[in-house]
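Okay, so here's the structure we're looking at.
Chain A is the first sequence line, chain B the second, and so forth, proteins listed ahead of strands; every chain is numbered from 1.
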Protein chains: 2
Amino acid sequence: MIDAAVAAVSWEDEAVVYVDQRLLPHELRRAHARNVDEIEAAIRTLAVRGAPCIGVFAAYGIALLRRSIADAGALAEAVARVRSARPTAVNLAWAVDRVLAAADPLAEAQAIADEQRAIDAAIAEHGLALIPKGARILTHCNTGPLATAGGGTALGIVLHAQRAGKCPRVYVDETRPLLQGARLTYWELRRAGVDAVLQVDAAAAVAMAERAIDLVVVGADRIARNGDTANKIGTYGLAILAAYHGIPFYVAAPLSTFDFAAESGAHIPIEERSAGEVREVAGVAIAPSDAAVFNPAFDVTPARLIAAFVTERGIVTPPYPNALTALAPL
Amino acid sequence: MIDAAVAAVSWEDEAVVYVDQRLLPHELRRAHARNVDEIEAAIRTLAVRGAPCIGVFAAYGIALLRRSIADAGALAEAVARVRSARPTAVNLAWAVDRVLAAADPLAEAQAIADEQRAIDAAIAEHGLALIPKGARILTHCNTGPLATAGGGTALGIVLHAQRAGKCPRVYVDETRPLLQGARLTYWELRRAGVDAVLQVDAAAAVAMAERAIDLVVVGADRIARNGDTANKIGTYGLAILAAYHGIPFYVAAPLSTFDFAAESGAHIPIEERSAGEVREVAGVAIAPSDAAVFNPAFDVTPARLIAAFVTERGIVTPPYPNALTALAPL
């Protein structure tokens with residue numbers, strides 16, 4: 001799916017090897033986590049980010065701890081540190097628990113990584129049907145191989161379209177505040193030979209009006225039972241702009257992202273992150289250090305603005321409450 | 001209108017004194033331009049920015065040159081350098097010509113500065129009627145005293161509402177790529193005691209949905225005969241988002257901004273600026289140095305999305321072609 005040399009996470013010689021995403025796009029450096037300090041730090045400092053990618057990294061991390069720490073008390077303490085490194089990432093706790101319970105921890109971690117790759121591949125294959133040849137695509141944030149340690153979700157579809165000879169042109173929102181679009185998505189697209197164009201987030205509307213965008217595709221952080229979708233801040237606005245311009249707006253996400261216990265978007269809690277992310281860009285202050293800031297990490301796009309969901313089980317189109325609840329586990 | 005110590009441009013002891021806007025919000029430094037080199041550099045390096053502010057600065061600058069350069073050939077050469085320092089700012093050439101033709105150049109420059117202040121004050125007074133007490137206002141880019149060397153246009157209305165005891169709360173888009181919102185608008189609002197909140201541009205939609213925004217008010221760079229309005233990139237998207245949420249969207253601009261020769265927005269040329277503005281933030285690279293970039297400086301908001309224009313002659317509401325052409329010079 002992606003050149004092995006750039007796999008976001010892998011296992012090598014009793015170490016979890018990962019791409020330090022903080023250094024991209026300036027430097028592609030693979031780092032090694034060999035103990036609990038290094039595992040915890042990689043997650044906490046965002047060297048490893050993207051919920052599925054964190055899950056795969058933590059799976060290998062717990063396997064490493066189980067193989068290297070004999071004392072049960074010390075192991076429990078180390079596991080607790082990894083589990084709490086990013087309290088909001090559901091994939092983290094889920095992966096930790098699976099590897100803890102497994103008879104063969106390393107085999108279980110590899111199974112988790114393999115499953116993620118298979119899910120991403122299925123999403124990409126289903127999504128391909130939505131991409132016309134020569135499509136002009138707009139995307140937001142980062143949903144590629146770096147985010148999942150597989151082929152990616154929304155960006156996985158785009159990369160698959162490129163491999164399938166559809167020659168997409170992709171307009172990439174830089175995605176303030178953390179610039180995942182500028183730093184990661186643009187880099188992933190260019191590396192794959194995709195015709196990519198970077199823009200500030202506020203240029204999305206004029207790109208739709210004047211650059212003949214055919215479709216928007218984004219990922220999701222959590223999807224409620226009725227299809228309301230929480231995703232990176234800016235997604236909701238993009239969906240409104242797409243509707244205004246008559247452009248289909250797609251969400252690509254694995255079934256693990258669906259929260260069937262949440263009746264609607266009103267039941268999805270929205271994390272407000274630190275003011276420093278807005279007051280500074282790449283470590284440089286752009287506003288007073290005590291500036292009051294509104295910095296929601298996510299927003300909720302109502303289901304009525306979403307033309308289709310792409311999951312590993314296929315494409316889901318309206319009417320949503322029914323089409324989506326059919327996917328729910330019994 | 002604004003504390004004299006912070007006047008964006010003034011005349012003192014044979015020098016044009018200006019706030020170096022590149023240093024804000026970190027440092028409020030007043031600099032002196034005493035010769036053609038310093039006048040040209042201040043405009044070219046964006047130390048002085050905002051079309052009306054550039055006009056006032058250039059007016060004093062030409063007065064200075066006329067008072068200090070005796071040789072006609074040397075004067076003509078110096079004037080030409082100032083005139084071409086920012087070729088796209090219409091106020092620049094207009095102010096240069098007025099001061100060149102005047103019998104008393106310094107009196108003419110002061111008249112231009114006084115007129116700008118009077119125009120801004122009239123816009124602020126008319127606009128006050130649109131601001132409810134306790135209004136939650138969203139704005140974009142910088143349209144305050146720094147941008148006009150007067151009281152400001154869109155932000156002038158907000159500041160006037162504050163003085164009138166209406167206690168507005170203002171959500172300020174940071175305004176990538178050049179961050180005029182974060183660097184200048186937020187600073188101007190806080191200095192005036194206004195309850196201001198900074199946000200990334202992509203947070204505007206969720207602010208409208210969840211923070212009960214009452215109105216959006218922005219400035220304009222050029223307004224066509226039919227009301228289509230060119231303004232800072234992101235304005236068009238904001239207008240669509242405001243319409244979706246049922247929030248009135250206002251444009252505040254002096255009559256000099258109206259281009260009655262342009263039939264519609266399609267006749268307004270949109271400048272695409274350098275890729276470096278997007279590849280870097282505050283001098284720090286955030287994307288590959290050869291990244292392909294889409295960086296239109298402005299976008300065009302169709303008149304149908306604009307609830308009213310606020311000019312020095314009053315508030316203009318639809319139907320537009322007629323209401324606006326009534327303002328046209330004979």
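Counting heavy atoms from C-beta on, the side chains of A:Q199 and B:V293 never come closer than 4.5 Å.
Counting all heavy atoms, side chain and backbone alike, B:A196 lies closest to A:A292 at O-CB, 3.5 Å. The nearest pair of heavy atoms linking B:V206 to A:Y236 is N-CD2, 4.0 Å. Closest heavy-atom contact between B:L198 and A:A287: CD2-CB, 3.6 Å. Listed here is the closest heavy atom pair of B:I286 and A:A282: CG2-CB, 4.4 Å.
With hydrogens and angles ignored, the 3.5 Å screen pairs a side-chain donor or acceptor of A:H26 with a backbone N or O of B:A285. For the pair A:Y186 (side chain) and B:P288 (backbone), a donor-acceptor distance under 3.5 Å is absent.
Contacts of B:A207 with chain A are made by both backbone and side-chain atoms, with heavy-atom separations under 4.5 Å. Within the 4.5 angstrom heavy-atom criterion, atoms from both the backbone and the side chain of B:I233 approach chain A. Heavy-atom distances place no part of B:L189 under 4.5 Å from chain A, backbone and side chain included.
Interatomic distance, A:R176 CZ to B:D173 CG, rounded to the nearest 0.5 Å: 11.5 Å.
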> Does the pair A:Y244 and B:L241 meet the rule for a side chain to side chain contact (heavy atoms under 4.5 Å, CB included), with working shown?
Replying inline: CA-CA 9 Å; A:Y244 180 87; B:L241 298 179; over 6 Å; no

> What do the steps show when you test B:V284 against A:V281 for side chain to side chain contact (heavy atoms under 4.5 Å, CB included), and what is the final call?
Replying inline: CA-CA 8 Å; B:V284 178; A:V281 181; over 6 Å; no

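Other residues, nucleotides and ligands contribute only 12 or fewer heavy atoms inside 6.0 Å of the CD atom of B:E263.
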